[in-house]
Amino acid sequence: MSEQGTKGQGQGRTEQAAPRRRHLMDPNAPVRDQYGSPGTTRVQTWVMSTLVVTTILHMAGGLLVAAWVIDEAETVPRVGLSVIAGAFGVMAVGAGLAIHRKPLLSPWLALGLLPMVVGLVLFL
C-alpha cells in the first residue's frame, strides 16, 4: 500500500491561506482607537454637547410647565417664566456652540428663543 492511499485524499497536502486584503480587518490584530485620537475626540464632543443642550432644554421645558400650572388670571408670572425659559434656551444653544468651539455670536442663538415663543403663544 502506498503512503498516499492510507492518508486519504487531500490530507497530505498543506493548504496555504489566501493573503488577507489590506482593507479588511484582521481579527487577530484589531486596530483600536487611541485615547485622544480624532475619532474618539469627535464622538466625545458630540456626546457632551448633546447631554448639555438637552439637560438645559429640559430646564426650560420645566419652566414652561410651571407657567402652565399657574392660574390663568396671573399673566405676568406666566410671561416671566416664558422669558426665563427663552433665556435658558439661548444658554443651551450657546453652550453647544462653545463645546464645539464655534463663535458664540451666531444666528443659531435665535433658535434658543423657541421656548419663549412657545410659552408666549400658549399663555397670551
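Scope of the values below: all heavy atoms of this structure, side chains included, with no hydrogens, waters or symmetry mates. Here the structure is a predicted model, which means the values were calculated and not measured.
Closest of all the heavy-atom pairs between Pro103 and Ser106 is O-CB, 3.7 Å. Thr54 and Thr50 make their closest contact through OG1-O, 2.7 Å (heavy atoms, listed as atom of the first residue, atom of the second, distance). Residues Leu120 and Ser82 approach most closely at N-OG, 4.1 Å, considering heavy atoms. Smallest separation of non-hydrogen atoms from Phe123 and Arg78: CD2-NH2, 3.3 Å. Closest approach of Leu97 to Leu109, counting heavy atoms only: CD1-CD2, 4.4 Å. The two atoms that bring Pro115 and Gly86 nearest to each other are CB-N, 4.4 Å, heavy atoms only.
Residues Met48 and Val43 are members of separate hydrophobic clusters, defined by side-chain heavy-atom contacts under 4.5 angstrom among Ile, Leu, Val, Met, Phe, Trp and Tyr. Val83 and Leu57 fall into different hydrophobic clusters, defined by Ile, Leu, Val, Met, Phe, Trp and Tyr side-chain heavy atoms under 4.5 Å apart, directly or through other members. Placement of Met91 and Leu113 in two distinct hydrophobic clusters is found when ILVMFWY residues are connected by side-chain heavy-atom separations under 4.5 Å, directly or transitively. In the hydrophobic clustering of this structure, Trp46 does not group with Val52; members are Ile, Leu, Val, Met, Phe, Trp, Tyr whose side-chain heavy atoms approach within less than 4.5 Å, directly or through other members. One hydrophobic cluster, built from ILVMFWY side chains closer than 4.5 Å, holds both Leu104 and Val90.
Separating the CD1 atom in Ile56 from the CG atom in Leu51 is a distance of 11.0 Å, to the nearest 0.5 Å. One distance of note links OG1 of Thr45 with CD1 of Ile99; it measures 8.5 Å at 0.5 Å rounding. Atom CG of residue Leu63 and atom CE of residue Met59 lie 4.5 Å apart, to the nearest 0.5 angstrom. Remark: Ile70 CD1 to Leu81 CG distance equals 5.0 Å, nearest 0.5 Å.
Counted within 6.0 Å of CG on Leu105, heavy atoms from surrounding residues, nucleotides or ligands total 12 or fewer; the atom is thus considered open. Few gaps surround NE2 on His100; more than 12 heavy atoms of other groups in view lie less than 6.0 Å from it.
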* May I have the step-by-step check of side-chain contact (heavy atoms from CB on, under 4.5 Å) for Val53 and Val93, ending in yes or no? => CA-CA 7 Å; Val53 170; Val93 174; 5.9 Å; no
